[in-house]
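The shown structure was predicted, so the numbers you read here are calculated from the model rather than taken from an experiment. Just so we're on the same page: letters track the sequence lines, and every chain starts at 1.
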Protein chains: 2
Amino acid sequence: MSKAETAREAAIPVLAEVFREHGYEGASLALLGNRTGLGKGSLYHAFPGGKAEMAEAVLDAIEAWFETRIYAPLRDEPDPRAAIDRMLTETDAYFRSGGRACLVGAFALTDGRDRFALRIARYFTGWRDALAAALTRAGFGPGDAADRAEEVVSAIQGGLVLARALDDPAAFGRMLARLRPRLDPSGGAAPGR
Amino acid sequence: MSKAETAREAAIPVLAEVFREHGYEGASLALLGNRTGLGKGSLYHAFPGGKAEMAEAVLDAIEAWFETRIYAPLRDEPDPRAAIDRMLTETDAYFRSGGRACLVGAFALTDGRDRFALRIARYFTGWRDALAAALTRAGFGPGDAADRAEEVVSAIQGGLVLARALDDPAAFGRMLARLRPRLDPSGGAAPGR
DNA sequence: CGCGGTTTGTACCGATCGGTACAGAGAGCG
DNA sequence: CGCTCTCTGTACCGATCGGTACAAACCGCG
């Protein structure tokens, strides 16, 4: 692996954190350079496309992480209940129990929306569809499974917004706890349906 | 009312829309000037504090709108069920059935967070507490009411994020529909609690 | 060592950022 | 009309924006 590729891989998590905290417009090249410890020359050598390519690389890395750690197990693991459980614990860990915002959600709300619409949509549809598949295999009817999957993906975003708005990360944990019984076919009945 | 005050009042909804679409950092003075039809001179005459004061005025206007249209009825209307129903329809209308993002949520996720933390938190606590009061009067136990209120406020934000991310405003309506039965004490039992 | 390509710090670019200064247009009033 | 005070378009400020150019430093390799 060339030095540039190494630097690129090492930089991506840091870039992600800066985009997460400041949004696309708010993350200036000066900030991105300082936090990664890379000068402008190095940054543009690793990401010739500039800031846009950095954001794309970050979004791709996030999608890859979710794909292997969450979506694929939801789709393929023999025991769907175990995969769903794993999704909840992985999600809680990824978002640091509410202490970390969702970069994709932040991009969706403001500046990056038009620029990265496709990747943003794919992140959410991927999650929703994989979860729906798992719920179907777990015993929910197809329509019910799709509905619950959408609800869960949506609720996770809501929990992150609220946790950040109230500066109360625990709000995210409470939201995950509310979700759990709704993902168990033997458990609570569908509320009002 | 002086001309400046009139201009200020007239400008606020437009400013709100620009902040909503671009976030705090993304909303440049040039953009704010063009959309309001006000030159820099007029803008700074109406908002001597500059961009920060514009955003504060917008947040104040939003809070006032929700306070009178939603929070106060939830707290004070004799029939809590009617107030809750009204909340749902007003919310759906305000967010244009998912076609409009929540400025407060967007600020919470990225740039405006530190700058406007207090107002952002107040928007959400105000909503949550007013709804909890209505739910209590409607017959839920205090703890249950508070929990459901937090869930609803969180879910609304999640629905808005998802609607925007998928470019599918209807996702917001589906979320509201899922919420409705959970706000009726005679209806569906609490799921898993 | 010298040679080649890769990597990087730095100077610089035009554009735009938020904000200020101010002259003159405009409106209210006697 | 003329005076006064409010308003506003425009020029301008220094800082910073994202991005480019390029020479020097660096590195593996012979």
Side-chain angles (χ1 to χ4, degrees), chain A residues 1-59 103 106-107 110-116 119, chain B residues 1-59 103 106-107 110-116 119:
Chain A
M1 179 143 59
S2 77
K3 205 167 171 186
E5 287 168 35
T6 313
R8 184 182 164 108
E9 297 309 309
I12 285 179
V14 184
L15 298 175
E17 220 57 44
V18 180
F19 281 125
R20 214 186 295 276
E21 290 165 18
H22 298 89
Y24 182 74
E25 307 273 3
S28 69
L29 282 186
L31 199 53
L32 294 165
N34 288 342
R35 292 279 291 270
T36 53
L38 298 175
K40 255 187 201 185
S42 311
L43 265 186
Y44 271 82
H45 187 73
F47 303 92
K51 202 167 129 172
E53 184 176 342
M54 298 177 210
E56 284 169 17
V58 165
L59 287 171
L103 189 152
F107 274 23
T110 52
D111 33 41
R113 226 283 287 236
D114 308 322
R115 232 180 281 260
F116 308 110
R119 274 170 234 254
Chain B
M1 178 145 56
S2 78
K3 205 166 166 187
E5 288 169 35
T6 313
R8 185 183 162 105
E9 297 310 309
I12 286 178
V14 184
L15 297 175
E17 220 57 45
V18 180
F19 281 125
R20 213 187 296 278
E21 291 165 18
H22 298 88
Y24 182 74
E25 307 273 4
S28 69
L29 283 186
L31 199 50
L32 294 165
N34 288 342
R35 293 278 292 269
T36 54
L38 298 175
K40 253 187 202 185
S42 312
L43 264 185
Y44 271 82
H45 188 73
F47 303 91
K51 201 167 132 174
E53 185 177 340
M54 298 179 210
E56 284 169 17
V58 164
L59 287 171
L103 188 151
F107 273 24
T110 50
D111 32 40
R113 228 284 289 240
D114 308 320
R115 231 180 281 260
F116 309 109
R119 276 170 232 255

Quiz item: Starting at CZ of B:R8 and ending at P of D:dC7, how long is that distance when rounded to a whole Å?
Solution: 13 Å
Practice problem: Compare every heavy atom of A:T110 with every heavy atom of B:A106, then report the nearest pair and how far apart it is. | Solution: CB-CG2, 3.7 Å
Exercise. Have a look at A:L15 and tell me which of A:K51, A:R20, A:M54 forms a side chain to side chain contact (heavy atoms under 4.5 Å, CB included) with it.
Key: A:M54
Exercise. Please list residues of residues 49-57 of chain A whose heavy atoms come under 4.0 Å from any atom in DNA chain D, ordered by number; otherwise none.
Key: A:G50, A:K51
Quiz prompt | Heavy-atom pair with the smallest gap, counting every atom of A:I12 and A:A57 | solution = CD1-CB, 3.9 Å
Self-check item: Sorted by number, the residues of residues 24-35 of chain B with heavy-atom contact under 4.0 Å to DNA chain C
Solution: B:A27, B:S28, B:L29, B:A30
Quiz prompt | A:H22 and A:L32, any side-chain heavy atoms less than 4.5 Å apart | solution = no
Quiz item: If you take all heavy atoms of A:G26 and A:L31, which pair is closest and at what distance?
Solution: O-CD2, 4.3 Å
Practice problem: Mind listing the closest non-hydrogen atom pair of A:V18 and A:A27 along with its distance? | Solution: CG1-CB, 3.9 Å
Self-check item: Side chain proximity check, B:L59 to B:L103, heavy atoms < 4.5 angstrom
Solution: yes
Quiz item: Should B:H45 be listed as having a side-chain N or O under 4.0 Å from OP1 or OP2 of D:dT8?
Solution: no
Practice problem: Compare every heavy atom of A:G23 with every heavy atom of A:F107, then report the nearest pair and how far apart it is. | Solution: CE1-C, 4.1 Å
Exercise. Choose from D:dG18, D:dT6, C:dT7 the nucleotide whose nearest atom is closest to any side-chain atom of A:Y44.
Key: D:dG18
Can you give me the N/O atom pairs linking the protein to nucleotides 9-14 of chain C at distances under 3.5 Å, or say none if there are none?
from, atom 1, to, atom 2, distance (Å)
C:dG9, OP2, A:G39, N, 3.3

Quiz item: Parallel, tilted or perpendicular for B:F19 and B:Y24, by the 30°/60° rule?
Solution: parallel
Quiz item: Looking at A:V14 and A:R35, what are the two nearest heavy atoms and their distance?
Solution: CG1-O, 3.4 Å
